[in-house]
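Worksheet: the structure to be examined is printed underneath.
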Amino acid sequence: MPMVSAICDNCKSSFSSGISIEGSEITLSGNIAGPCPKCGGMGRITDGTFNFIDNSIAKKGKKE
């Protein structure tokens with residue numbers, strides 16, 4: 001099952017946020033995750049709408 005990534009505020013490493021939803025769409029805003037497995041800091045999850053389809057994640061782009 002695919003997981004949404006977080007970016008550590010301290011060391012800028014990417015790590016799994018622990019958020020996973022199968023066969024659906026989710027909109028995230030202002031979410032944090034942690035601790036970072038590399039340095040123990042907290043990280044931020046990119047704001048946006050994500051589609052979870054067939055074991056993959058796609059972030060929807062902005063409509064102009």
Side-chain angles (χ1 to χ4, degrees):
M1 200 179 289
M3 297 269 187
V4 176
S5 294
I7 305 295
C8 180
D9 292 335
N10 186 47
C11 72
K12 307 303 181 213
S13 293
S14 176
F15 62 94
S16 174
S17 68
I19 296 174
S20 178
I21 297 175
E22 191 171 349
S24 190
E25 180 177 287
I26 187 171
T27 299
L28 301 172
S29 178
N31 292 279
I32 60 171
C36 170
K38 192 170 188 178
C39 74
M42 296 302 287
R44 305 218 179 262
I45 299 168
T46 302
D47 291 348
T49 299
F50 300 85
N51 286 316
F52 293 77
I53 302 168
D54 296 330
N55 291 322
S56 64
I57 298 173
K59 183 176 181 219
K60 284 182 140 182
K62 291 183 181 180
K63 291 185 178 180
E64 295 187 28

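Small disclaimer: the values here were computed from a predicted structure and weren't measured. Atom set for the values below is all heavy atoms of this structure, side chains included, hydrogens, waters and symmetry mates excluded.
- In this structure, S17 contributes its side chain and V4 its backbone to a donor-acceptor pair below 3.5 Å.
- What you find for F15 and A33 is that their closest heavy atoms are CZ-O, 3.7 Å.
- Among residues two or more places apart in sequence or in another chain, the side-chain contact (heavy atoms from CB on, under 4.5 Å) test is passed with N31 by L28, I45.
- For D47, there are no salt bridge (Lys or Arg N to Asp or Glu O under 4.0 Å) partners, not counting sequence neighbours.
- Residues that satisfy the side-chain contact (heavy atoms from CB on, under 4.5 Å) test with S16, not counting sequence neighbours, are M3.
- Through side-chain heavy atoms spaced under 4.5 Å, either directly or across other Ile, Leu, Val, Met, Phe, Trp or Tyr residues, M42 is tied to I32.
- Partners of T49 according to the side chain to side chain donor-acceptor pair (under 3.5 Å) rule, which considers only residues two or more places apart in sequence or in another chain, are T27.
- Side chains of R44 and I7 form no contact here, defined as non-hydrogen atoms less than 4.5 Å apart.
- Scanning both residues, S20 and P2, for their nearest heavy atoms gives OG-O, 2.6 Å.
- Among pairs with a residue in residues 27-42, none fulfils salt bridge (charged side-chain N to carboxylate O under 4.0 Å, His left out), at least two apart in sequence or across chains.
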